[in-house]
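Worksheet: the structure to be examined is printed underneath.
Note that the structure is a prediction, hence the values are computed from the model and not measured. Side chains are part of it too, since the values below use all heavy atoms of this structure and drop only hydrogens, waters and symmetry mates.
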Amino acid sequence: MIHRPIPGRLRRSAAACLAVLVVLAVLAGAGACTGGDESPTRPDGTGGPGRVGGTLRILAGSELRDLGGILEDFQRESGVEVTLEYAGTLDAVDRIAGGRADADAAWLASDRYLHLALDDPKTVVARSTTMMSPVVVGVRPELAQRFGWVGNSSVTWADVAEKVAVGELTYAMTNPAASNSGFSALTGIAAALAGTADALTVDDIRPDALTSFFSGQVLTAGSSAWLTDAFVRSATPVGAMINYESEILALNADRLRSTPLTIIYPRDGIITADYPLQLLRADRRAAYDALVSWLRTPDVQRRLATETHRRPATPGVRIDPAPWPTGPLPAELPFPATRAVADQLLTAYLGRFRRPAHAIFVLDVSPSMEGERLALLRSTLAGLAGADDSLAGRFTRFRERERVTLITFSGVVHRTQEFTVTDPAPGSRDLAAITAAADGLTLGSGTAIYTALNAAYRYASDAVGDDPSHLTSIVLMTDGENNQGETADAFRAAYRALPDTARAVRTFSVVFGDAQIDEMRAIADETGGAMFDARSSSLSEAFREIRGYQ
């Protein structure tokens, strides 16, 4: 099971024009479209799934956690047991393209990158769009008013870029290597700033313009829902958020009801997530067809719109009142022409366009780590230093310009080792130094979690003060409970006394071995971070996923 951050309010979108549907169908490329625009009926012809029975195991994007109640109702009506295993976009693509999905179907926000990666288009037996949500910009109302963007349908991505360039606008956006909303934003912005209406090529990429644009990104995340939470909770207010329309509408209807974000639909184009349900195993066709047909019924489409703020995929379904603005959406922006172009764009974003990361790892080397656990920690760090050559591994390894700090502790804080990655190629001198440091980890006695975390925040406070250009975060890994040094209350008091810039540094805690889950969750909650559980899968998967938040 791929793990996701445990805390966080995971919520959750147009009546699409024909041109949008044509673009999405062309991009999908592989597999027949089932469900399509046909009027869904159950096998007995009465308008629902009927009793089908069986199971349907789906590899799904984390955005679909908000469909739990809807899928439970489908299961009651159809007898089909639906199970969802959540995975990041690149991890899911890697598993599907490599024949390791171990699932009957896939349900991601978009399948554009997947179809670039597939060697055999017959891997996807069938696909059907289930709902839709464009990636848009939500702007703080006072800024939107000052910029003249309220009620202004002529705002472009270039206008957004101009406000970023002069320092008037900062924004939050998910990591394109971990989340479809960020990947859609990256490819869409690249196409818009290039001014091309054709499929994006390497020659279309404008490095200077993109570097300027992404200099305004001050908050990143590995999932769209977590980004929304972090945006609201940020100790330092962020001016805007690039995210799914559905996420911003849900936020405006709830926690920002009194000061809703102004939603900008850039006139030069958007990229829309169409949440295609894709069949991977032909022998599960009956259960797949039943679910697709049921999801596309008008009643369920209206329920999806009401509960998730995503737009209907079935033509002619009317929502009254509709949660989104009326009127046609801007045109769909072009997608990269090949996987090589998409990969180059991702690599350049991580290493050149966005602000560099500063990853501070606080690592438990207490006696309980002896043997296999210490070996796993060493191999995990080696994977981030280039040893992991999987698709997800290539985009989560340490990046060009990144600062990496290793702080080890047992009953006391041991060493603090600092590295700067100038050459991110596997085997480079920089990455080899990190691997050597991992290999040299040695054990101590006792476990002083809060003493080490306090030391990490003092270190982070100085680092942010000296160089605020990095996106700084802390990763705390422990396999036990605090039994020496400072208490949790002492840590909280010290953390709350820090300046805002230091309190903006989030801690991503990793539950490993016999670690206390309540303690790790409390640390993540206090610092605005997230907790990852490595006990049910692997430490390397937890660290690799955290990289999407750095």
Would you tell me whether [X] and [Y] have side-chain atoms, one donor and one acceptor, within less than 3.5 Å of each other?
| X | Y | answer |
| --- | --- | --- |
| Glu63 | Tyr86 | no |
| Gln278 | His115 | yes |
| Asn175 | Tyr349 | no |
| Thr420 | Glu402 | no |
| Thr174 | Ser181 | yes |
| Tyr275 | Thr129 | no |
| Thr201 | Asp203 | no |
| Thr507 | Tyr457 | yes |
| Ser473 | Gln550 | yes |
| Ser224 | Glu247 | no |

Quick check: do [X] and [Y] have side-chain heavy atoms less than 4.5 Å from each other?
| X | Y | answer |
| --- | --- | --- |
| Arg267 | Val155 | no |
| Leu453 | Ile474 | yes |
| Thr187 | Ile271 | yes |
| Met173 | Val218 | no |
| Leu143 | Leu169 | yes |
| Val93 | Leu116 | no |
| Leu118 | Ile96 | yes |
| Arg257 | Asn252 | no |

> Can you name the residues that form a side chain to side chain contact (heavy atoms under 4.5 Å, CB included) with Arg318, not counting sequence neighbours?
Replying inline: none
Distance check, rounded to the nearest 0.5 Å: [X] atom [atom1] versus [Y] atom [atom2]?
| X | Y | atom1 | atom2 | answer |
| --- | --- | --- | --- | --- |
| Ser461 | Arg503 | OG | CZ | 11.0 Å |
| Ser246 | Glu307 | OG | CD | 13.5 Å |
| Ile58 | Leu71 | CD1 | CG | 7.0 Å |
| Ile546 | Met531 | CD1 | CE | 11.0 Å |
| Ile270 | Trp157 | CD1 | CH2 | 9.5 Å |
| Tyr171 | Phe214 | OH | CZ | 5.0 Å |

> Is the Trp226 ring parallel, tilted or perpendicular to the Tyr549 ring (thresholds 30°, 60°)?
Replying inline: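 Geometry flag for Tyr549 against Trp226: perpendicular rings.
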>> Classify the ring geometry of Phe74 against Trp294: parallel below 30°, tilted from 30° to 60°, perpendicular beyond 60°.
In response: tilted
Thinking salt bridges, do [X] and [Y] make one under a 4.0 Å N-O criterion?
| X | Y | value |
| --- | --- | --- |
| Arg544 | Asp91 | yes |
| Asp208 | Arg352 | no |
| Arg506 | Glu526 | no |
| Asp229 | Arg255 | yes |

> What pairs of residues pass the salt bridge (charged side-chain N to carboxylate O under 4.0 Å, His left out) test when at least one of them lies in residues 140-166, not counting sequence neighbours?
Replying inline: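 Sorted pair list: Arg146-Glu168.
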> Around Arg401, counting heavy atoms of other residues, nucleotides and ligands shown, do more than 12 lie under 6.0 Å from its CZ?
Replying inline: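 Yes.
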> Between Arg127 and Asp274, is a salt bridge (charged side-chain N to carboxylate O under 4.0 Å, His left out) present by the stated rule, with each step listed?
Replying inline: CA-CA 11 Å; Arg127 85 178 295 275; Asp274 66 332; 2.9 Å; yes
> Do Phe183 and Phe395 have ring centroids that are under 6.0 Å from one another?
Replying inline: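 Ring-ring flag for Phe395/Phe183: false, centres at least 6.0 Å apart.
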> Does the ring center of Phe543 lie less than 6.0 Å from the ring center of Phe508?
Replying inline: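 Between Phe508 and Phe543, which both carry aromatic rings, the centre distance is not below 6.0 Å.
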>> Is there a salt bridge (charged side-chain N to carboxylate O under 4.0 Å, His left out) between Glu541 and Arg95? Walk through the geometry before answering.
In response: CA-CA 14 Å; Glu541 286 181 293; Arg95 293 164 65 182; 6.0 Å; no
Are the side chain of [X] and the backbone N or O of [Y] linked by a donor-acceptor pair below 3.5 Å?
| X | Y | value |
| --- | --- | --- |
| Ser215 | Ser212 | yes |
| Glu418 | Arg403 | no |
| Asn152 | Gly148 | yes |

> Given Met520 and Leu476, is the side chain to side chain contact (heavy atoms under 4.5 Å, CB included) satisfied, shown in steps?
Replying inline: CA-CA 9 Å; Met520 295 298 99; Leu476 170 65; 4.1 Å; yes
>> Pair Asn243, Val136 - check side chain to side chain contact (heavy atoms under 4.5 Å, CB included), show working.
In response: CA-CA 6 Å; Asn243 208 334; Val136 297; over 6 Å; no
>> I'd like to know whether Thr130 forms a side chain to side chain contact (heavy atoms under 4.5 Å, CB included) with Val292, so could you lay out the CA-CA distance, the side-chain angles of the two residues, the decisive distance to 0.1 Å, and finally the verdict.
In response: CA-CA 7 Å; Thr130 58; Val292 165; 5.5 Å; no
>> Working note: Leu304 + Leu67, criterion side chain to side chain contact (heavy atoms under 4.5 Å, CB included); need CA distance, chi angles, decisive distance, verdict.
In response: CA-CA 8 Å; Leu304 286 167; Leu67 300 185; 3.6 Å; yes
